[in-house]
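Okay, so here's the structure we're looking at.
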Amino acid sequence: MVGYLLLVLAGLFVAAYFVGRMRAASAVNGQLARLHSLPSQHGFYLALMTTLPALIAVLLWGILTPGIESSIIQDRFAAELAGQGVPQVEAFVRDARAIAFGGLVGFTDATKEAAAEVYRSIHRISVWTIIGVVAVLAAAGFLRGYGRIAPDFRARQVVERVVRSLLVVCSAAAVLTTFGIVFSLIFESLRFFQQVPVHKFLFGLHWSPQSAFTGAGAEAGAVNPDIFGMVPLFAGTLLITLIAMLVAAPLGLLSAIFLSDYASPKVRAIGKPVLEILAGIPTVVYGFFAALTVAPFFRGIGDSLGLGVASESALAAGVVMGIMIIPFVSSLSDDVINAVPQSLRDGSAGLGATKSETIRRVVLPAALPGIVSAMLLAVSRAIGETMIVVMAAGLAANLTANPLEAVTTVTVQIVTLLVGDQEFDSAKTLAAFALGLVLFCITLSLNIIALRVVQKYREQYD
Amino acid sequence: MTDIASTTGTPAPSRSLHTNEAAKARLRARYAAERRFKWMGAGALAVSGIFLVLLLSTIVMEALPALRANYLVLPLDLSPAKVDPADPAAANYDDIVQEALLAKFPGVESRQDRRLVRGLISTGSGVYLRRQVESGDVPLGGTVELGVPLDDFADLYMKGLLADTGSVAPLEASVTPSGTEGDIELAFDDDRLVRLARGHGATEAEGGVLRLTGGADSFLIGLNGGTVKLTEIAPAPNGGAAGRGVVLQPLQSAQTAAADAASLRIIDTPEASRKISDREIVWLDALKQQGAIESRFNTIFFFTGASREPELAGIWSAVVGSFLTMVVTLALSFPIGVAAAIYLEEFAPKNRWTNLIEVNINNLAAVPSIVFGLLGLAVFLNWFGLPRSAPLVGGMVLSLMTLPIIIIASRAALRAVPPSIRDAALGVGASKVQTVFHHVLPLAMPGIMTGTILGMAHALGETAPLLMIGMVAFIVDIPGGFTDPATILPVQIFMWADFPEPGFQQKTSAAILILLAFLIIMNAAAVILRKRFERRW
């Protein structure tokens with residue numbers, strides 16, 4: 001519905017633009033020089049007057065109606081829903097909506113059919129209301145704007161003010177996204193922490209939410225808080241991240257140094273694209289490669305050495321993830337190393353140091369804050385990486401430090417908890433949001449620390 | 001100094017600056033360290049290169065077989081008695097295909113064998129035939145020679161990927177069968193086979209008999225125009241060997257076949273540990289010899305939707321889904337991103353609010369992608385009630401992710417436009433907004449486009465957030481709109497990678513190749529754009 005309304009408004013916009021232009025031209029009998037603003041600015045003015053209020057109304061309607069409609073349904077059927085928990089009520093509303101407008105229906109009964117009927121009628125009323133509101137706003141705006149177009153009307157100032165505010169609104173989108181992330185994660189996590197205490201979640205040593213319920217998750221009281229301990233997931237994430245960083249940190253740093261200080265132009269012409277291609281390969285491809293080739297390879301080596309290597313070992317996932325991060329580390333360290341002033345290198349060379357001595361004793365210490373910050377960003381990247389571990393790491397939460405065993409990670413568990421059609425309200429799915437919140441907090445604080453390290457310890461040479 | 005020393009006549013052992021042995025040793029050590037460091041750097045880069053080559057070559061090697069598929073050409077009876085020309089949709093195409101198939105195997109009578117024969121071709125052959133008829137490519141009213149897709153295991157066998165096909169060698173012994181069908185006895189005039197059988201895992205039974213059933217490799221003996229599978233062999237008193245066998249393909253006569261007329265084929269994988277039986281192998285080879293199997297470009301893979309049958313699974317619905325998702329992403333993130341960049345770069349005063357926005361954008365660029373998926377699930381699906389699995393929602397989530405990339409790239413492009421352009425425009429009386437939109441923005445556009453294409457390429461390969469909003473559902477239909485359930489290429493790759501059938505492994509690699517091809521095209525476009533249009537001031 002919102003889509004059609006937007007299309008209509010776009011049409012109105014174009015039409016009003018041309019009407020406004022013509023109106024401005026006719027107001028001065030074709031002597032355009034007498035106009036304060038250009039005809040096109042008058043056109044934009046009329047178009048904005050016509051469509052902007054209506055557009056805001058449509059967007060508000062699109063955002064608010066779903067909530068209002070479902071609360072009306074809950075009100076009307078309060079008697080039938082009395083005594084049921086929040087999840088059941090939400091499932092009821094969801095099913096009613098699905099019956100009314102098509103979609104995946106859990107199961108139907110007479111009450112739901114009735115609710116769907118009510119839903120449909122409410123929705124019809126609401127659609128006609130918004131159509132009426134849009135028509136009135138558009139007509140009123142058009143008439144008002146049309147009346148104001150005159151030779152000395154300052155259309156340009158009005159249009160430019162609107163354009164500037166639109167730009168401000170667009171730049172606020174980034175802030176809105178962050179707020180959306182924070183609030184949705186906190187809101188769902190709070191619902192989770194009502195069922196499972198925070199300390200049991202953060203410090204519990206046992207994770208097996210797939211056995212969260214005896215039945216279909218009907219009783220909210222049946223949640224066993226002891227199976228939501230995230231320490232094993234956290235340990236698994238750290239283990240894989242550690243392996244990845246052991247691969248990525250030296251290789252990334254060394255290749256950055258090699259490319260900037262040693263490589264001939266020919267080698268650089270090959271080496272840079274290699275790293276860029278590695279950076280551009282989708283993570284799902286790395287995951288497939290890890291599961292198909294790397295994991296069996298490590299298993300084979302382990303077998304020949306007499307070691308038992310799990311087929312979903314942390315080693316395989318970690319190594320492939322490390323390779324994935326090499327370009328990231330390398331490009332960040334490249335920037336940092338290039339930022340070290342040439343005078344330091346020249347001074348070192350003047351004292352008779354070789355290239356490698358200059359790099360190890362002068363350039364790297366000078367660039368250390370930047371390199372530390374790059375490594376922290378890489379760690380944050382590795383912790384948040386999903387597809388490689390989903391495809392190549394295990395599902396069972398083992399609390400182990402042995403890289404040859406299978407471990408699971410925070411991201412893997414979020415995916416396994418949320419993939420597929422599940423009750424959105426069970427502790428099991430809400431746990432995924434709590435994990436997401438933890439993940440978000442960790443990566444955010446790593447980024448902030450990385451920023452702070454650079455700000456605090458960077459030497460100003462120039 | 002050394003020059004002066006040599007002219008005065010003292011012998012100079014070396015022209016080096018360092019005369020002291022210890023100093024020379026130190027210098028050597030320092031130079032060695034220098035070389036080591038350099039080689040370490042080269043090695044680090046080489047590791048990345050080797051990994052890349054390994055990854056790409058593995059995927060290309062895996063993917064190549066999936067680009068072709070084997071079809072079994074059958075004479076299909078499409079006469080009016082079978083297919084009503086007025087209503088072709090009502091005909092039972094499964095029966096037509098199966099009749100034609102069984103007609104190729106006149107000797108096959110038992111229920112079990114007939115089922116085995118039917119298993120040679122895809123279970124979707126009837127549907128395939130119906131689609132061909134409905135598309136109008138196939139003339140109705142008579143018998144038509146048409147290829148139907150082979151079953152995935154048969155297809156893999158024909159490509160040589162399922163079992164070691166073994167080579168056919170002369171038997172080097174004359175052999176006399178006791179019959180032409182069923183279980184028969186075979187008399188050989190040489191005992192070479194006994195030794196061969198022992199080397200191929202035959203188990204010893206009482207009386208010196210070697211059993212070739214169970215874990216042993218398969219011995220197929222071709223004679224008199226048929227094929228016999230050896231099940232038992234024992235040395236015979238006359239220096240030859242006596243064996244038993246099952247006829248897999250009827251013999252034309254029970255005469256003695258001379259040593260050069262009989263052939264032996266050893267399949268090195270035991271029948272129990274491969275997905276295709278000896279009987280099917282013999283049948284497929286016979287069909288191949290008749291010329292009934294042809295290998296064609298795999299149109300099914302490129303132009304159909306998903307399926308649980310590997311031979312019928314295609315990539316087209318995922319490509320369409322990816323396209324729709326990218327359209328939404330571009331439509332949302334490009335205007336918003338460019339507008340935000342213009343504001344921050346051209347209009348924004350330096351205050352707390354703009355500072356907050358900047359910090360935010362940089363942080364968003366580092367948020368794990370899966371968190372965006374959680375946001376999409378909680379806000380778009382549960383709060384706004386938008387449909388699950390829809391390209392609309394996928395595009396919205398991805399546009400939130402690409403937004404920071406586009407903003408950062410656009411700001412860099414805007415910053416690169418020199419202030420003199422702005423001053424000139426303002427000087428001739430343009431307003432600030434006109435200056436930006438008429439002069440600065442067009443000049444920054446190539447840089448903005450480059451950044452946008454790179455951001456879109458990043459979004460195209462993204463998987464995790466879309467798993468969260470249900471794009472992982474199994475969807476057969478090709479999506480027709482932005483709210484239809486759809487899946488996208490990387491998610492399709494993820495799903496296929498999880499399927500146990502070996503046929504899907506090739507499909508996964510082929511799908512990865514297609515995804516990489518799209519990414520390469522987009523990145524190449526970005527590079528060309530940058531090279532041709534970006535101005536250096």
Side-chain angles (χ1 to χ4, degrees), chain A residues 63 66 97 103 156 160 163-164 166-168 170-175 177-178 180-181 184-185 188 250-251 254-255 257-259 262 271 274-275 277-278 280 282-285 288-289 291 293 323 326 354-356 377 380 384 386-387 391 411 414-415 418-419 424 433 436 439-440 443-444 447, chain B residues 30-31 33-34 37-38 40-42 44-45 47-49 51-52 55 58-59 336 339-340 342-344 347 356-357 360-361 363-364 366-371 374-375 377-379 382-385 387 400 403-404 407 431 433 457 461 463-464 467-468 472 490 493-494 497 508 512 515 519 523:
Chain A
I63 292 170
R97 183 161 59 209
R156 195 185 85 185
E160 292 191 347
V163 168
R164 275 179 187 232
L166 281 181
L167 293 180
V168 175
C170 285
S171 67
V175 184
T177 311
T178 310
I181 290 175
S184 61
L185 288 180
E188 306 291 347
L251 290 183
L254 279 173
S255 31
I257 291 170
F258 180 74
L259 278 177
Y262 285 100
V274 164
L275 291 181
I277 294 173
L278 272 184
T283 52
V284 67
V285 178
F288 179 64
F289 187 69
T293 312
I323 304 265
I326 287 178
T354 63
K355 233 176 187 178
S356 67
L377 289 177
S380 128
T386 310
M387 291 321 292
M391 294 170 87
T411 47
I414 294 177
V415 170
L418 286 181
V419 165
F424 185 64
F433 283 90
L439 189 66
F440 181 74
T443 51
L444 191 68
N447 291 334
Chain B
R30 284 175 62 204
Y31 282 165
E34 171 77 21
F37 193 72
K38 182 177 175 181
M40 269 161 66
L45 193 62
V47 168
S48 309
F51 184 87
L52 183 67
L55 186 146
T58 312
I59 284 168
I336 296 181
I342 289 176
Y343 176 72
L344 292 175
F347 294 104
L356 174 76
I357 294 178
N360 242 303
I361 289 169
N363 268 331
L364 269 189
V367 169
S369 60
I370 193 167
V371 172
L374 290 173
L375 169 78
L377 176 61
V379 175
N382 288 307
W383 175 246
F384 291 143
L400 293 184
L403 208 53
I407 293 178
S431 70
V433 172
T463 320
L467 298 180
M468 300 289 96
V472 71
I493 291 168
F494 169 65
T508 314
I512 287 176
L515 179 64
L519 291 178
N523 281 292

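Naming: A, B, ... by sequence-line order, numbering from 1 per chain. Worth saying up front: this structure is predicted, and the values here are computed from it rather than measured.
- Both the backbone and the side chain of A/Ile181 have a heavy atom closer than 4.5 Å to some heavy atom of chain B.
- Within the 4.5 Å cutoff, the side chain of B/Phe347 has no heavy atoms near those of the A/Val168 side chain.
- For B/Ala44 against A/Leu254, the heavy-atom pair with the smallest separation is CB-CB, 3.6 Å.
- Using a 4.5 Å cut-off between heavy atoms, A/Thr354 contacts chain B through both its backbone and its side chain.
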Exercise. For B/Met468 and A/Ile414, run side-chain contact (heavy atoms from CB on, under 4.5 Å): C-alpha distance rounded to whole Å, both residues' side-chain angles, the deciding distance at 0.1 Å, then the answer.
Key: CA-CA 9 Å; B/Met468 300 289 96; A/Ile414 294 177; 3.9 Å; yes
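- Contact of the B/Leu467 side chain with the A/Leu418 side chain is not registered, since no non-hydrogen atoms from C-beta on lie closer than 4.5 Å.
- For a residue to count as touching a neighbouring chain, one of its non-hydrogen atoms must lie under 4.5 Å from one of that chain's; by this rule A/Ile63 touches chain B with backbone and side chain alike.
- Taking each heavy atom of B/Ala366 and A/Ser380 in turn, the nearest pair found is O-OG, 4.3 Å.
- Most heavy-atom pairs under 4.5 Å with chain A: of the set B/Ala339, B/Ser369, B/Ala33, this distinction falls to B/Ala339.
- Between B/Leu45 and A/Val274 there is no side-chain heavy-atom pair separated by less than 4.5 Å.
- The distance from atom CZ of A/Phe288 to atom OG1 of B/Thr508, rounded to the nearest 0.5 Å, is 4.5 Å.
- We find the CE-CD1 distance between A/Met387 and B/Ile370 to be 8.5 Å, quoted to the nearest 0.5 Å.
- Contacts between B/Leu403 and chain A at a heavy-atom distance below 4.5 Å involve the side chain alone, from C-beta outward.
- Contacts with chain A were tallied for B/Lys38, B/Met40, B/Arg30; B/Arg30 has the most, counting heavy-atom pairs under 4.5 Å.
- Atom CG of B/Leu519 and atom CD1 of A/Ile277 lie 11.5 Å apart (nearest 0.5 Å).
- With chain A as partner, the option from B/Leu356, B/Ile493, B/Val371 having the largest number of non-hydrogen pairs under 4.5 angstrom is B/Val371.
- For A/Leu275, the part lying near chain B is the side chain, with the backbone staying farther off; criterion is any non-hydrogen pair under 4.5 Å.
- Once rounded to the nearest 0.5 Å, the distance linking CD1 of B/Ile59 with CZ of A/Phe289 reads 7.0 Å.
- A/Leu185 CG to B/Leu375 CG: the interatomic distance, rounded to the nearest 0.5 Å, is 7.5 Å.
- In this structure, the portions of B/Ser48 lying under 4.5 Å from any heavy atom of chain A include both its backbone and its side chain.
- Of all non-hydrogen atoms in B/Ala340 and A/Ser171, the two that sit nearest each other are CB-CA, 3.4 Å.
- For a residue to count as touching a neighbouring chain, one of its non-hydrogen atoms must lie under 4.5 Å from one of that chain's; by this rule A/Leu377 does not touch chain B.
- For the residue pair B/Ile336 and A/Ala173, the shortest heavy atom distance occurs at CG2-CB, 3.9 Å.
- Most heavy-atom pairs under 4.5 Å with chain B: of the set A/Ala172, A/Ala174, A/Pro250, this distinction falls to A/Ala174.
- Contact of B/Pro387 with chain A is not made at all, since no heavy-atom distance falls under 4.5 Å.
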Quiz item: Is there a side-chain contact (heavy atoms from CB on, under 4.5 Å) between A/Thr178 and B/Asn363 once you walk through the steps?
Solution: CA-CA 9 Å; A/Thr178 310; B/Asn363 268 331; over 6 Å; no
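- Of the residues considered (A/Leu166, A/Val175, A/Thr443), A/Val175 shows the highest number of contacts with chain B, using heavy-atom pairs under 4.5 Å.
- In terms of heavy-atom proximity, B/Pro490 sits nearest to A/Val284 at O-CG2, 3.7 Å.
- Proximity to chain B is limited to the side chain of A/Val163, based on heavy atoms less than 4.5 angstrom apart.
- Heavy atoms of B/Leu364 lying under 4.5 Å from chain A belong exclusively to its side chain.
- Heavy-atom minimum distance, B/Ala378 versus A/Glu188: CB-OE2, 4.1 Å.
- Between A/Leu278 and B/Phe51 the shortest side-chain heavy-atom distance falls below 4.5 Å.
- The side-chain heavy atoms of B/Pro368 and A/Thr411, taken from C-beta on, include no pair separated by under 4.5 Å.
- Interface summary for chain B: among A/Ile323, A/Ile257, A/Thr386, the most heavy-atom pairs under 4.5 angstrom belong to A/Ile323.
- At a 4.5 Å heavy-atom cutoff, the contact between B/Ala42 and chain A is made by backbone and side-chain atoms alike.
- The contact between B/Leu374 and chain A is made by backbone and side chain atoms together, counting heavy-atom distances below 4.5 Å.
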